[in-house]
**Student:** 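Dumping the structure here so I can ask a few things about it.
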Amino acid sequence: SNDGSRGLGDVYKRQRPTAAMRDSTLAKVIAALLCAWPGGKAKWPSGKDLEAAAQSAGIAVSDDSIRKAIALAEEEMTPK
């Protein structure tokens with residue numbers, strides 16, 4: 001009988017694949033985006049917002065990688 005429920009296969013088909021990227025590469029990409037962020041550092045998203053955005057895009061990112069990215073962006077923006 002068809003009770004209207006979907007099988008587990010449908011759930012798995014709807015899940016986004018997780019992109020695999022080295023932490024160092026991911027930190028550099030995030031840092032580059034932050035350096036180009038409209039409004040500068042004052043308008044940067046929080047670490048939690050960055051993590052949520054990455055997860056919604058199917059990218060696994062650790063808190064440590066986000067901290068590294070923010071530190072790298074801050075370093076890049078500091079006049080030398």
**Student:** Please find the pair of heavy atoms, one from K41 and one from M77, that lie closest to each other, and give the distance.
**Tutor:**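 Where K41 meets M77 most closely, the heavy atoms are N-CE, 4.4 Å.
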
**Student:** Nearest 0.5 Å, what's the CD-CD1 distance between E51 and I30?
**Tutor:** 10.0 Å

**Student:** For residues 31-40, tabulate all N or O donor-acceptor pairs below 3.5 Å that involve a side-chain atom, not counting sequence neighbours.
**Tutor:**
unit_1, atom_1, unit_2, atom_2, d
W37, NE1, K43, O, 3.1

**Student:** So which heavy atom on L26 is nearest to which on A60, and how close?
**Tutor:**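 Looking at all heavy atoms of both residues, the closest pair is CD2-O, 3.9 Å.
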
**Student:** Calculate, to the nearest 0.5 Å, the distance between atoms CG and CD1 belonging to L50 and I59 respectively.
**Tutor:**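 L50 atom CG to I59 atom CD1 measures 11.0 Å (nearest 0.5 Å).
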
**Student:** Quick one: list whatever passes side-chain contact (heavy atoms from CB on, under 4.5 Å) with K28, sequence neighbours left out.
**Tutor:** L72

**Student:** State, yes or no, whether a side-chain contact exists between W44 and I70 at a heavy-atom distance under 4.5 Å.
**Tutor:** yes

**Student:** Considering non-hydrogen atoms only, spot the tightest contact between A69 and A27 and give its length.
**Tutor:**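 Closest heavy-atom pair between A69 and A27: CB-O, 3.4 Å.
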
**Student:** Can you name the residues that form a side-chain contact (heavy atoms from CB on, under 4.5 Å) with S24, not counting sequence neighbours?
**Tutor:**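 R22.
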
**Student:** Could you tell me which residues satisfy side chain to side chain donor-acceptor pair (under 3.5 Å) with E76, sequence neighbours excluded, listed by chain and number?
**Tutor:**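 E76 satisfies side chain to side chain donor-acceptor pair (under 3.5 Å) with no residue once adjacent residues are dropped.
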
**Student:** Applying side chain to side chain donor-acceptor pair (under 3.5 Å), name anything that partners S46, two or more places apart in sequence or on another chain.
**Tutor:** D49

